[in-house]
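Have a look at the structure below before the remarks.
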Amino acid sequence: MSIEVRGVNKSFGAFKALDNISLDFPDGELVALLGPSGCGKTTLLRVIAGLERADSGQVLLDGEDATDRDVRQRQVGFVFQHYALFKHMTVFENIAFGLRVRPRRTRPSEKDIRAKVSRLLDLVQLGWVADRFPTQLSGGQRQRIALARALAVEPRVLLLDEPFGALDAKVRKELRRWLRQLHDELHISSIFVTHDQEEALEVSDKVILINKGRVEQFGTPWQIYNEPASAFAYGFIGAVNEFRGRVEGDFVRVGDDLLSLAGAKFQNGQDVVAFVRPHETEIVPDIGGGHGITAKVHRILGNGPVTRVELVANGESRKGETDFFEVEIPGTQLASLGIATGQRVKLTSRRISIFDQQNGNERP
Amino acid sequence: MSAVAKALSPHAGGASRFERNAATRDAGIVKFLVLSLGLIFFAIFLLMPLVAVFLEAFRKGAATYFAALVEPDALSAIKLTLIAAAIAVPLNLVFGVSAAWAVAKFNFPGKQFLITLIDLPFSVSPVVAGLIYVLVFGLQGWFGAWLSAHDIKIVFAVPAIVLATVFVTFPFIARELIPLMQAQGRDEEEAAISLGASGLQTFFRVTIPNVKWALLYGVILCNARAMGEFGAVSVVSGHIRGETNTMPLHVEILYNEYQFAAAFAVASLLALLALVTLALKTYVEWRISHPATKEAV
């Protein structure tokens, strides 16, 4: 089922959680709502579910206006971060709950309920825990039961609020893969909220990046990682080196150093911020000529295929803190580069993304 | 009042670990001193009076004891106490659950004020509570003239006793439920409605089962206080024998008339009630702190 939100606003007191958000979620895909904590992503999910009412704007399910429809009538399956399983019921009763509370006319028979619950338990590969209580299950098992419970009412949309947030790293990884498989089997339109970029990029078909109640970028995981649309997107996804400076002709002046604008058009004297990914940053041991950012090698880490070089910015930096840069080079290149701790080098790159410091928009 | 919250806290089993750990264990003499001080206090101030009540009650033999209990005035006092409790406890049950539900699950202006107000009966002297009802419903009170014109008796009659009892036992159930329901949050209720449950279904199938032990705990304490209340009831009752005397008032009258054996006999009933309450309370506390032991098969 398609989900669309149009011009949704939501404030909690003076805090604007959602700022005029319009989105069209593709049918049958697994979409990640990604953003830092407090960015409004959970609020957006709850507005779509009908657990929260937007101050203004519309929610359309299958093209129909569902804005005034109750969560009960929206036929959404909602999975909570902390599972919200009914502690006093067995796993079986938890999953059967949505069927048992139906009005008598539409309630399935006891036999049908049993059959359906055991089918769902098989689907989440937990048939053997039917008679247990939620407190006797591990976190990963609880979340799978919560998912089975949400699926029992045959929702048209599946909404997951930080589904793996409360789990430890190993279980999280397993469950991610499992959720992806499950989605490929069921093809139910799903949205899940996460603050973990790795999780969003790995599991989803599309990622919606949200910051301060606004959509920063909507795209495939590849686009989000390789073509960040704004300064925020660049800083939030993956490790990145950041250089702040002022435009001088074809260069950006960062302290005493110059960085090539690489063809980007900015006005003279404009304050800009430049981003370079660690694996696209180059170290030039010769600090004599050419442009680049001067830095001092602080530590050389890792003996595997990739070596990480940590560098300290030259001179003082903003806010009295030291700026660190990170460069990733293939381990085999380290020797030919011939750098040592404490050595002063220059950093350049052929792939620099430059944004206006004020509004964070790229000006090509 | 936060026994439930305490029982649910993850550090409930902390004492034994503290004790086993040589690094944090106190010297034996300290343990001995603290323990014996506590036990001596307990014996003098709690155990001795309790034993004394029963000893005094049976001083003139079992026959006198039972005679004092089946005497018409005593029976009427017992009956009135039971009536007052039977009305006050269900009323406070309804009020307590709805107040706790409102405070824990919704946000509204004046919420903090409501929580403070619920505590009022704890902070005000029971005598004042009784006087409030005399001033409002008494002959010289606000509604006194109207009430007597319509031949409705409230003060110095059963209604005022019930009202006073409701007032003093007001906070017990609400105070027990509010912290628990606040700690549990709204997640399970939201899960229930997202699965299509109606408000009533959510309340009876999810909310109430989640707080049932705390609720029972509150009911037990509320009942104990309702049956034992003296101050407020004393002010509004008028002490009419066989009519408006509750058990605590009856004990006082008998005592003032030097019928010690009879006074202690009725008092022993109240003490017995207290013991039963304690036993129930301990059991419920145990159930709260071991929620899975029986349910988990």
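Just so we're on the same page: letters track the sequence lines, and every chain starts at 1. Predicted model, so just to flag it, every value in this text is computed and none were measured.
Looking at Ala146(A), there are no atoms closer than 4.5 Å to chain B (heavy atoms on both sides), in backbone or side chain. Both the backbone and the side chain of Arg205(B) come within less than 4.5 Å of a heavy atom of chain A. For a residue to count as touching a neighbouring chain, one of its non-hydrogen atoms must lie under 4.5 Å from one of that chain's; by this rule Phe86(A) touches chain B with backbone and side chain alike. With a 4.5 angstrom heavy-atom cutoff, Glu188(B) touches chain A via backbone and side-chain atoms both. With a threshold of 4.5 angstrom between heavy atoms, Val153(A) approaches chain B through side-chain atoms but not through N, CA, C or O.
Smallest separation of non-hydrogen atoms from Ala191(B) and Arg149(A): CB-NH2, 3.4 Å. Across all their heavy atoms, Lys87(A) and Asn210(B) have their closest contact at CE-OD1, 4.0 Å.
Note on Ala84(A), Gly98(A), Gly77(A), Ala49(A): by heavy-atom pairs under 4.5 Å with chain B, the leading option is Ala84(A). Chosen from Asp70(A), Leu159(A), Leu85(A), Thr90(A), the residue pairing most often with chain B at heavy-atom distances under 4.5 Å is Leu85(A).
Annotation for Lys116(A): atom NZ counts as buried by contact number, over 12 foreign heavy atoms lying within 6.0 Å. The 12-atom threshold is not exceeded at CZ of Phe113(B), counting heavy atoms of other residues, nucleotides or ligands nearer than 6.0 Å. With a 6.0 Å radius and a threshold of 12 heavy atoms from other residues, nucleotides or ligands, Phe192(A) has its CZ atom above the threshold. Atom NZ of Lys111(B) sits in a crowded spot, with more than 12 heavy atoms from other residues, nucleotides or ligands closer than 6.0 Å. Atom CZ of Phe41(B) is surrounded by 12 or fewer heavy atoms from other residues, nucleotides or ligands within 6.0 Å.
When side chains are defined from C-beta on, Phe80(A) counts as touching Glu190(B), because their heavy atoms get closer than 4.5 Å. Leu195(B) places none of its side-chain heavy atoms less than 4.5 Å from the side chain of Phe78(A). Side-chain contact between Thr202(B) and Val101(A) is absent, with no heavy atoms from C-beta onward closer than 4.5 Å.
In this structure, CZ in Arg72(A) is found 6.5 Å from OG in Ser198(B), a value given to the nearest 0.5 Å.
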